[in-house]
Amino acid sequence: MEKYIFETRMEVRDYECDIEGIVNNANYLHYTEHTRHRFLKSIGVSFAQLHEKGIDAVVARMTLQYKVPLRSDDEFISRMGLRKEGLRYVFTHDIYRADDERLCFHCTAELVTLINGRLGVSPEYEAAFAPYVQ
């Protein structure tokens, strides 16, 4: 069972759906990124301020599993977990349809930090994530 450290609610907007009436697959990546950014904001980390200091957290790899499609106006819950593997922060994302808690999407996103463009360990991210890392 996944241990979630953060969750947020969102709603599917009409323009995110394709001709089949379901959320276009690329939009799930936007949902996971928005969840990570909301998480950072909730723990007082400014993605923009760290970037100005030359520290960037970037996606190195993602594994995606589409389960049940979301449709226009569906409300959903994006839940997130976090663990550390070497230099990588591994975020797990599970997106559930709110009305019935059906798992719609599962993603593993591996992020690394670049410091002035070079792979490295960011003391700022290490300190911010320490209470949440499994």
Inset, instruction - Kindly write out the residues that satisfy salt bridge (charged side-chain N to carboxylate O under 4.0 Å, His left out) with E126, not counting sequence neighbours, or none if the list is empty. - result: K84
Legend entry - Path from V23 to Y15 over hydrophobic side-chain contacts below 4.5 Å: no
Inset, instruction - Taking the side chain as every heavy atom from C-beta outward, state whether T92 and R83 have any atom pair closer than 4.5 Å. - result: yes
Inset, instruction - Any pair with a residue in residues 67-80 that passes side chain to side chain donor-acceptor pair (under 3.5 Å), sequence neighbours left out, goes on the list, sorted by first then second residue, please. - result: E7-R79, R9-E75, D14-S72, T35-S78, R79-E101
Legend entry - Under 4.5 Å side-chain linkage, directly or through intermediates, the cluster mates of V90: none
Legend entry - Sequence-distant partners of R88, side chain to side chain donor-acceptor pair (under 3.5 Å), two or more places apart: E85, E110
Legend entry - Remaining members of hydrophobic cluster (4.5 Å side-chain criterion), V68: none
Legend entry - Non-neighbouring partners of H51 that pass side chain to side chain contact (heavy atoms under 4.5 Å, CB included), sequence neighbours left out: D56
Legend entry - Straight-line distance of F39 CZ to L82 CG, nearest 0.5 Å: 6.0 Å
Legend entry - Student check: side-chain heavy atoms of I43 and F129 closer than 4.5 Å: yes
Legend entry - Gap between atom CD1 of I95 and atom CZ of R102 - 0.5 Å precision: 15.0 Å
Inset, instruction - Could you pull out all residues at least two apart from T113 that satisfy side chain to side chain donor-acceptor pair (under 3.5 Å)? - result: none
Inset, instruction - State yes or no: do I55 and V133 share one hydrophobic cluster built from I, L, V, M, F, W and Y residues joined by side-chain heavy-atom distances below 4.5 Å, directly or via other members? - result: yes
Inset, instruction - Give a yes or no on whether I77 and M10 share a hydrophobic cluster (residues Ile, Leu, Val, Met, Phe, Trp, Tyr; joining criterion: side-chain heavy atoms under 4.5 Å apart). - result: no
Inset, instruction - Determine whether F91 and T32 make a side-chain contact, defined as any pair of heavy atoms from C-beta on separated by less than 4.5 Å. - result: no
Inset, instruction - Group every Ile, Leu, Val, Met, Phe, Trp and Tyr by side-chain heavy-atom contacts under 4.5 Å, then state whether L119 and M62 land in the same group. - result: no
Legend entry - Steps toward ring pair (Phe, Tyr, Trp, His ring centres under 6.0 Å) verdict (Y132, F6): CA-CA 9 Å; Y132 305 99; F6 184 77; 9.2 Å; no
Inset, instruction - Identify, with sequence neighbours excluded, every residue that meets side chain to side chain donor-acceptor pair (under 3.5 Å) alongside S46. - result: none
Inset, instruction - List in chain and number order the residues that pass ring-ring contact (aromatic ring centres under 6.0 Å, His included) with F76, two or more places apart in sequence or in another chain; answer none if no residue qualifies. - result: Y31
Inset, instruction - Using a 4.5 Å cut-off on heavy atoms from C-beta on, say whether the side chain of Y125 contacts that of L111. - result: no
Inset, instruction - Just jot down the side chain to side chain donor-acceptor pair (under 3.5 Å) partners of H34, sequence neighbours excluded, or say none. - result: R38
Inset, instruction - Considering only NZ, NE, NH1 and NH2 on the basic side and carboxylate oxygens on the acidic side, decide whether R36 and E33 come within less than 4.0 Å. - result: no
Legend entry - Hydrophobic cluster membership, L50 vs V112, 4.5 Å side-chain cutoff: no
Inset, instruction - Could you list the residues that satisfy ring-ring contact (aromatic ring centres under 6.0 Å, His included) with Y66, not counting sequence neighbours? - result: Y28, F105
Legend entry - Shortest non-hydrogen contact from P69 toward R97: O-NH1, 3.8 Å
Legend entry - E16 backbone acceptor or donor facing N27 side chain under 3.5 Å: yes
Legend entry - Minimum side-chain heavy-atom gap L64-L29 below 4.5 Å: yes
Inset, instruction - Let me see the working for C17 and I22 under side chain to side chain contact (heavy atoms under 4.5 Å, CB included), right down to the final yes or no. - result: CA-CA 5 Å; C17 298; I22 60 176; over 6 Å; no
Inset, instruction - Identify, with sequence neighbours excluded, every residue that meets side chain to side chain contact (heavy atoms under 4.5 Å, CB included) alongside N116. - result: none
Legend entry - Separation between CZ of F47 and CD of E52, rounded to the nearest 0.5 Å: 12.5 Å
